[in-house]
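Everything quoted here is computed from the prediction, not taken from an experiment. A, B, ... follow the sequence lines: proteins, then strands. Residue 1 opens every chain.
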There are 2 protein chains.
Amino acid sequence: MQSGHRNLTQQLVHELGKDILQGKYKVGNKLPSEADLCAQYDISRTATREAVKMLTAKGLISSRPRQGIKVLDSKHWNLFDVEVLNWILIGKPDLYMLRHFLQLRLSIEPEAAYLAAQYAKDSDIELIRNALARMKSAEDGYDDTLEADIEFHTSILGASNNPFFIQLKNFIEIALQVNLRFTNRFKAITIDEYQAHADIFDNIANRNPQAAHDASLKTQKITVGLVNDAITELEEKKG
Amino acid sequence: MQSGHRNLTQQLVHELGKDILQGKYKVGNKLPSEADLCAQYDISRTATREAVKMLTAKGLISSRPRQGIKVLDSKHWNLFDVEVLNWILIGKPDLYMLRHFLQLRLSIEPEAAYLAAQYAKDSDIELIRNALARMKSAEDGYDDTLEADIEFHTSILGASNNPFFIQLKNFIEIALQVNLRFTNRFKAITIDEYQAHADIFDNIANRNPQAAHDASLKTQKITVGLVNDAITELEEKKG
DNA sequence: AATATACTATTTATAATATAATTATAAATA
DNA sequence: TATTTATAATTATATTATAAATAGTATATT
């Protein structure tokens with residue numbers, strides 16, 4: 001159990017959460033009992049029970065007398081929880097999972113851009129402008145591509161001034177990281193990619209919601225299309 | 001503290017969660033210490049601490065030695081957690097919150113309909129057909145309007161066969177309940193409303209993604225428009 | 001005066017132990 | 001066969017003790 005700088009409870013939450021998302025403990029199956037977890041990880045019942053409660057709060061497990069601790073059906077999992085998302089990432093998601101991420105991005109981001117053009121404060125616009133500048137730097141190799149990309153897309157969510165969209169920042173951040181697993185980690189941002197992002201920004205800054213929406217949607221459709229093609233190819237290979 | 005049939009920990013989670021979402025405990029402010037919570041609710045430290053851990057897992061609070069228990073900034077709250085959503089509902093959300101709900105619905109549901117038309121299994125289609133039939137019954141006063149409406153919209157999310165969209169069922173369910181707070185609770189479903197839903201279903205069943213998307217988007221835009229008008233009117237009154 | 005260091009008190013973190021409540025399964029009974 | 005009762009497994013709750021973390025204060029140092 002890697003300690004990091006977290007307390008025992010948080011460490012156990014991390015270990016078990018990771019194992020559940022990786023399918024080491026399967027839906028409907030039992031985890032070791034409280035007593036067994038204490039023994040396995042050599043920690044007190046106090047810490048163990050608190051970890052179990054935290055995973056319960058995230059919808060991953062249920063724990064009841066006599067029945068023990070069971071993995072809940074995945075429809076109950078808090079997939080937008082930042083820790084759960086990280087456990088998905090750790091679990092080496094496949095192309096189908098990437099498609100799921102991208103389908104929701106396509107659903108969310110164009111509308112976020114629309115709302116940003118409507119409701120962004122000047123300070124919100126500046127944050128997006130800043131992120132775009134980082135992407136320019138990354139294009140020239142002077143900044144981290146992934147970080148700049150994350151900052152750009154999440155700053156638009158922030159500019160929507162809608163708490164639900166803001167909550168989805170975690171989701172987008174992990175989605176971009178999953179995406180990177182399937183592309184070249186170290187490739188620079190191309191001029192085309194940069195321009196697509198700049199278009200979105202310009203339309204937000206110019207307070208043109210529909211154009212901002214459409215610019216965002218255009219890039220999302222291309223990305224989903226690429227993954228659909230990759231999956232089709234994969235399935236044809238398999239037969 | 002209402003007991004329901006939940007255990008002590010869950011009861012305290014509910015009480016504190018509700019209070020935080022209602023703003024009784026404000027962002028950045030401290031909650032009573034562990035010891036004080038034990039005294040206030042007359043329960044053991046064990047139960048109290050487990051409740052605190054569960055709220056921590058939902059991103060509502062942090063608890064550290066000497067610092068105590070503090071309400072985290074709302075950007076950390078797991079707004080898509082089913083309990084958190086219920087606490088929002090309990091907290092009597094205003095028109096602005098309704099707009100936030102509707103903005104995300106507009107973002108999610110048309111794309112869910114698109115994916116449903118692409119990926120729904122026959123059994124998924126049957127579930128939507130069933131929900132539509134319930135709406136017809138509700139139109140005639142033979143079924144519950146709200147329940148039928150919830151079943152229709154969530155069954156489409158289910159038919160997307162995308163775990164992230166499926167997770168958002170809770171969100172849509174609460175969104176519809178919030179919406180109802182601002183319309184007539186007992187009004188029957190009108191013929192127009194029913195037809196709009198039937199259009200979405202037909203296009204999903206006929207495997208026409210774009211038409212399903214557009215039919216859904218059309219109704220969502222109307223709803224958002226109504227709330228925007230209501231807010232404009234409200235703000236003009238206030239001056 | 002400004003900065004670093006050590007001290008102190010507060011609060012949570014962890015552990016250990018005891019007992020109660022819940023409930024799935026098995027056994028007994030009608 | 002169906003119903004009830006008993007048993008055992010497991011979590012739920014309570015209590016107590018000690019450790020660790022840390023914000024704030026006091027002290028010492030430059």
Parallel, tilted or perpendicular: ring planes of A:F80 versus B:F80, cut at 30 and 60 degrees: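 A:F80 and B:F80: tilted rings.
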The criterion is side-chain hydrogen bond (donor to acceptor under 3.5 Å, both in side chains); which residues satisfy it with [X], sequence neighbours excluded?
{"X": "A:K58", "answer": "A:D81, A:E83"}
{"X": "A:H76", "answer": "none"}
{"X": "B:E147", "answer": "B:R134"}

Test: A:K53 and A:E50 ion pair at under 4.0 Å: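 The answer is no: the pair does not qualify as a salt bridge.
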Salt bridge (charged side-chain N to carboxylate O under 4.0 Å, His left out) against [X], all qualifying residues, sequence neighbours excluded:
{"X": "B:E34", "value": "B:R45, B:R49"}
{"X": "B:R181", "value": "none"}
{"X": "A:K24", "value": "A:D19"}
{"X": "B:E111", "value": "none"}

Ring center gap for A:F201 and A:F152 short of 6.0 angstrom: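 Centroid separation for A:F201 and A:F152: 6.0 Å or greater.
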Contacts of type ring pair (Phe, Tyr, Trp, His ring centres under 6.0 Å), residue B:H153, not counting sequence neighbours: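 With neighbours one apart ignored, the set is B:H197.
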Runs of at least three Watson-Crick or G-U pairs with DNA chain C, cut-off 3.5 Å: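 Looking at DNA chain C, the stems formed by three or more consecutive pairs are C:1-30 with D:1-30.
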5' to 3' contact window, DNA chain C with chain B (heavy-atom distance under 4.0 Å):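 Range of nucleotides touched by chain B: C:dA9 to C:dT14.
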Nearest-Å distance for atom pair CZ/C1', residues A:R6 and D:dA21: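 It is 18 Å, rounded to the nearest whole Å.
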Gap between atoms CD and C1', on B:Q11 and D:dT13 respectively (whole Å):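 B:Q11 atom CD is separated from D:dT13 atom C1' by 12 Å.
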Residues touching DNA chain C, which here means a heavy atom under 4.0 Å, drawn from residues 54-72 of chain A: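 Output list: A:R64, A:P65, A:R66.
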For DNA chain D, the residues among residues 34-45 of chain A that have a non-hydrogen atom under 4.0 Å from it: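 Heavy-atom contacts with DNA chain D come from A:E34, A:R45.
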Side chain to side chain, A:V52 and A:I61, heavy atoms closer than 4.5 Å: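 The answer is yes; the side chains approach within 4.5 Å.
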Touch class at under 4.0 angstrom, heavy-atom based, for A:S33 against every strand present: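 Here A:S33 touches the backbone only, sparing every base.
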Least distance between heavy atoms, B:L115 atom then B:S160 atom: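 In terms of heavy atoms, the two residues are closest at CB-CB, 3.9 Å.
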